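Beneath this line is the structure, given in C-alpha cells, with notes to follow.
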Amino acid sequence: SLVLSQVHMATTGVDFYLRKYVVKDKLALVQLWDIAGQDRFGSIYRVFYQHALGAVVVFDVTDQDTMLNALKWKRQVDAKCSLPNGEPLPVWLCANKCDLPHEVNLAGMDDFCKDNGFQGWSATSAKTGENVDSSLKSLVENILSHGDIFEVKAAADAEVAAETVSIEGTAGGAGGEDGAPGDGKCC
C-alpha cells in the first residue's frame, strides 16, 4: 500500500522513486522520475525522457491554467518520445487535488483524453493517496500491453553491447604502450 507523508515538500528539480507492481502475474519494477513541471528546468527534461516507456501528466483541479499546461506537457512528450516500436508513448493524466473544491470541470475528461491522446485519466489526491497507485498501475498495464517493445528494446541493447569496446588493464591504472599492465597511475 502507498504511504504518504502529511508534510508536503514541493519538488524542485527532479525527484526519483522506485515502485513495484504486479500486473497479470508479472512483476514490474517502475522508475518514477518527478520532473516537477517547472519551466525553469525545461532544458534538462529530455535527459529524463530518453528511455521512458510511459509518462504521467498531472494537473491541479483547483487551477484551470494547469489544465492548459497539461496539454503543453503532453505535446512535449509526444514530440520527444516514442516507444521502441515507434508507437506513441502511453501517457496517463492525473487530475490532482481531488480532495479540494474543483475549479476544473471533470465531466468531459474522457473526451478530453481521447481528443488529446491520453491513455486515460484519474482523479487523484497526492495528499490522501486517493487513486495514485491505481493510476500508476493503469499506466503500467498499458505499457505491458505493448509486449513487442521489450523485444525491440532487447535487440537494440544487444546491438549496443556488440559495439561496446572492452578496455582491459589493471584496476586503478592504464596499461602501457605494449599492452602490459600499467603502474597504477592514471596519466
Side-chain angles (χ1 to χ4, degrees), residues 1-42 44-45 47-78 80-81 83 88-146 149-150:
S1 76
L2 188 63
V3 178
L4 298 169
S5 170
Q6 293 300 314
V7 178
H8 173 72
M9 294 180 61
T11 303
T12 52
V14 176
D15 211 348
F16 173 78
Y17 308 91
L18 284 175
R19 301 282 300 153
K20 291 180 184 177
Y21 292 98
V22 177
V23 178
K24 296 180 183 172
D25 297 326
K26 293 182 182 181
L27 177 64
L29 180 60
V30 179
Q31 295 179 7
L32 301 167
W33 294 85
D34 179 354
I35 57 175
Q38 299 173 28
D39 288 330
R40 63 185 167 156
F41 300 110
I44 65 169
Y45 290 151
V47 174
F48 299 100
Y49 292 165
Q50 194 170 15
H51 299 289
L53 297 177
V56 175
V57 174
V58 181
F59 74 94
D60 178 346
V61 298
T62 69
D63 183 352
Q64 184 69 38
D65 290 340
T66 64
M67 180 77 163
L68 299 174
N69 283 338
L71 280 177
K72 179 187 83 169
W73 285 106
K74 173 65 166 85
R75 288 186 196 112
Q76 189 176 75
V77 168
D78 289 346
K80 297 185 186 305
C81 303
L83 292 174
L89 205 68
V91 180
W92 195 265
L93 183 63
C94 287
N96 196 36
K97 298 188 182 179
C98 69
D99 54 312
L100 299 175
H102 299 27
E103 182 179 305
V104 177
N105 182 357
L106 301 180
M109 290 302 295
D110 290 332
D111 289 335
F112 177 84
C113 287
K114 185 177 178 183
D115 294 345
N116 292 288
F118 289 96
Q119 299 304 310
W121 75 281
S122 301
T124 61
S125 171
K127 182 178 179 181
T128 68
E130 183 178 345
N131 290 329
V132 173
D133 248 359
S134 62
S135 298
L136 294 172
K137 191 169 183 178
S138 293
L139 177 63
V140 171
E141 287 172 353
N142 188 284
I143 293 167
L144 292 176
S145 74
H146 298 272
I149 65 173
F150 301 102

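The shown structure was predicted, so the numbers you read here are calculated from the model rather than taken from an experiment.
Residues passing the side chain to side chain contact (heavy atoms under 4.5 Å, CB included) test with L100 are T62, K97, sequence neighbours excluded. Residues satisfying the side chain to side chain contact (heavy atoms under 4.5 Å, CB included) test with A55, not counting sequence neighbours, are V77, L89, V91.
In this structure, K74 NZ and C113 SG are separated by 9.5 Å, a value rounded to the nearest 0.5 Å. A distance of 11.0 Å separates CH2 in W33 from NE2 in H51, rounded to the nearest 0.5 Å. For the atom pair CD of Q76 and CG of D78, the computed distance is 10.5 Å after rounding to the nearest 0.5 Å. Residue H102 holds its NE2 atom at 13.5 Å from CG of D63, rounded to the nearest 0.5 Å.
Between L83 and P90, the shortest heavy-atom distance links the atoms CD2-CD, 3.8 Å. Between M67 and V104, the shortest heavy-atom contact is SD-CG1, 4.3 Å. For the pair I149 and L53, the tightest heavy-atom approach, listed with the atom from each and the gap, is CD1-CD2, 4.1 Å. Nearest heavy atoms, S125 versus C98: N-SG, 3.8 Å. Here the closest heavy-atom approach between residue A126 and residue N96 is recorded as N-OD1, 2.9 Å.
With a 4.5 Å cut-off on side-chain heavy atoms, K72 and L68 do not count as touching. Under the 4.5 Å side-chain criterion, counting only non-hydrogen atoms from C-beta, F59 is not in contact with N69. Side-chain contact check for L136 versus V30: every heavy-atom pair is 4.5 Å or farther apart. Under the 4.5 Å side-chain criterion, counting only non-hydrogen atoms from C-beta, V140 is not in contact with R19. At least one side-chain heavy atom of L106 sits under 4.5 Å from a side-chain heavy atom of W121.
Between K114 and D110, none of the side-chain N atoms (NZ, or NE/NH1/NH2) sits under 4.0 Å from a carboxylate O, so this pair counts as no salt bridge.
Side-chain atoms of S122 and N131 form no donor-acceptor pair, as typed in the model, at a separation below 3.5 Å.
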- Item | side-chain contact (heavy atoms from CB on, under 4.5 Å) between L18 and Q31, intermediate numbers included | CA-CA 5 Å; L18 284 175; Q31 295 179 7; 3.6 Å; yes

- Evaluate the side-chain contact (heavy atoms from CB on, under 4.5 Å) criterion for residues L93 and F112: first the C-alpha distance (whole Å), next the side-chain angles of each, then the deciding distance (0.1 Å), finally the verdict. CA-CA 10 Å; L93 183 63; F112 177 84; 3.7 Å; yes

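Here the options are L27, L144, D133, L139, the test is side-chain contact (heavy atoms from CB on, under 4.5 Å), and the partner is Y21; only D133 passes.
A donor-acceptor pair is defined here as one N or O able to donate and one able to accept, closer than 3.5 Å; no such pair exists between the side chain of N116 and the backbone of L71.
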